[in-house]
**Student:** 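Before we start, here is the structure in question, set down as structure tokens.
Both counts, for ligands and for their atoms, begin at 1 and track the order of listing. Quick caveat, the model's predicted, so the values are computed rather than measured. Below, each value reflects all heavy atoms present in this structure, side chains not excepted, and no hydrogens, waters or symmetry copies.
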Amino acid sequence: MMLEPARQLYRRKLQEFLAIARRAERPLLTMHNDPDPDAMGAAVGLQHLLRQRLRKESAIAFSGIIGRAENKAMVQELGLELLQLSSLPLAQFDFIVLVDAQPGAGNQPLPPELKPHAVVDHHRLRPETQSCPFWDVRGNVGATSTIVASYLRAAGVRLPPNVATALFYGIKADTLGLARGAGADDVQAYIYLQRCLDAAKLARIEGASVSPEYFRALDQALHRTSMLDGLVVARLGEMRYPDMAAEVADMLRRLEGSKVVLAIGHYAGEVIISLRSSALDLALDELLQKAIRTDGTAGGHGLMAAGRVPATLAGAADDTEREIVRRFAALLGVDVHRARPLLREE
Ligand SMILES: [Mn+2]
């Protein structure tokens with residue numbers, strides 16, 4: 001019987017991954033800084049794969065913080081054991097896997113001289129990745145969790161509800177419920193995982209409660225949002241956690257007439273930029289790289305991108321935010337000085 005090409009590819013990559021991982025004694029799974037549900041889902045899925053197929057226990061470690069209420073709830077509800085990378089002696093691990101990020105990217109947590117042994121990701125393929133012993137980078141897939149779920153499916157391992165829920169929520173969050181950048185593989189994985197997940201836990205994760213400060217921060221963000229010619233800019237100022245920018249950008253995507261959303265704020269000495277678009281003809285990651293130049297780091301893909309620069313780049317953090325907004329707007333040919341505020345002050 002002929003296998004469909006996508007399945008065959010997953011099967012081949014799975015065998016390749018297992019062949020390399022088989023030699024490992026101490027595997028470490030890591031993901032991009034300030035990990036999101038897709039990164040955590042992919043790491044948990046690979047941890048399960050290593051345990052079930054190779055009887056190997058692995059650690060999962062990250063840098064940064066888990067700030068968003070849903071992401072904290074995911075860790076708690078699913079009992080994820082995540083370690084701080086800085087607390088680990090990296091030299092003791094002989095097999096390092098990087099998921100949902102790639103070596104050379106600004107948001108990856110490993111020291112530059114340390115190349116991971118394996119990379120699984122769905123962002124634009126970076127040249128550094130191609131010299132890793134194993135890599136599976138698929139820009140046409142909506143979530144890294146989709147790739148990992150497809151390995152698990154090809155491996156025929158049983159999925160406990162917590163692992164299935166982590167992978168499912170990873171895909172759901174990254175693709176906005178299959179509505180953004182999702183393809184046939186994402187749909188297949190979604191259906192496959194749906195049968196095994198814990199619906200009550202998923203509901204508690206997605207409905208995680210937030211503090212009054214969250215709404216205050218949101219109020220401030222909306223009062224500092226302006227729009228012109230389809231470009232929506234939200235200036236968040238000091239943020240309570242770094243992925244607040246992504247959260248606000250996701251929310252503003254739905255604003256009528258918006259083509260590109262830029263949410264920008266600062267956290268721990270860095271200005272953090274998050275971009276969203278529904279226009280398929282814009283390569284947001286490339287645009288952001290042009291705006292950031294060599295002053296910081298950027299990554300992502302066509303419909304979503306993120307970057308960071310030192311907060312002191314143009315003086316105070318506020319000046320740096322303004323400078324990045326100015327550069328980005330100039331690339332789109334938008335004169336930000338003519339932008340109108342979203343809300344009127346009373
Ligand atoms: Mn992802």
**Student:** Looking only at side-chain N and O atoms, does His122 offer a donor or acceptor that is under 3.5 Å from a partner on Asp174?
**Tutor:**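 Present: a donor and an acceptor within the cut-off.
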
**Student:** Give a yes or no on whether the backbone of Ile66 and the side-chain of Lys72 come within a donor-acceptor separation of less than 3.5 Å.
**Tutor:**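 No, because the side chain of Lys72 does not come within donor-acceptor range (under 3.5 Å) of the backbone of Ile66.
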
**Student:** Side-chain contact test, heavy atoms from C-beta onward, threshold under 4.5 Å: evaluate it for Arg180 versus Asp250 and give yes or no.
**Tutor:**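 SC-SC contact between Arg180 and Asp250 confirmed.
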
**Student:** Tell me which N, O or S atom of Asp174 sits nearest to the Mn ion (ligand 1).
**Tutor:**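 So the atom name we want here is OD2.
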
**Student:** What N/O/S atom of Asp100 is the closest to the Mn ion (ligand 1)?
**Tutor:**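 When I compare the N, O and S atoms of Asp100, OD1 is nearest to the Mn ion (ligand 1).
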
**Student:** Where do His123 and Val137 come nearest, in terms of heavy atoms and distance?
**Tutor:**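 Answer, listing the atom of His123 first, then Val137: O-CG1, 3.2 Å.
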
**Student:** Quick one: the NE2 of His122, the Mn ion (ligand 1), OD2 of Asp38 angle, rounded to 10°, please.
**Tutor:**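 That angle works out to 100° after rounding to 10°.
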
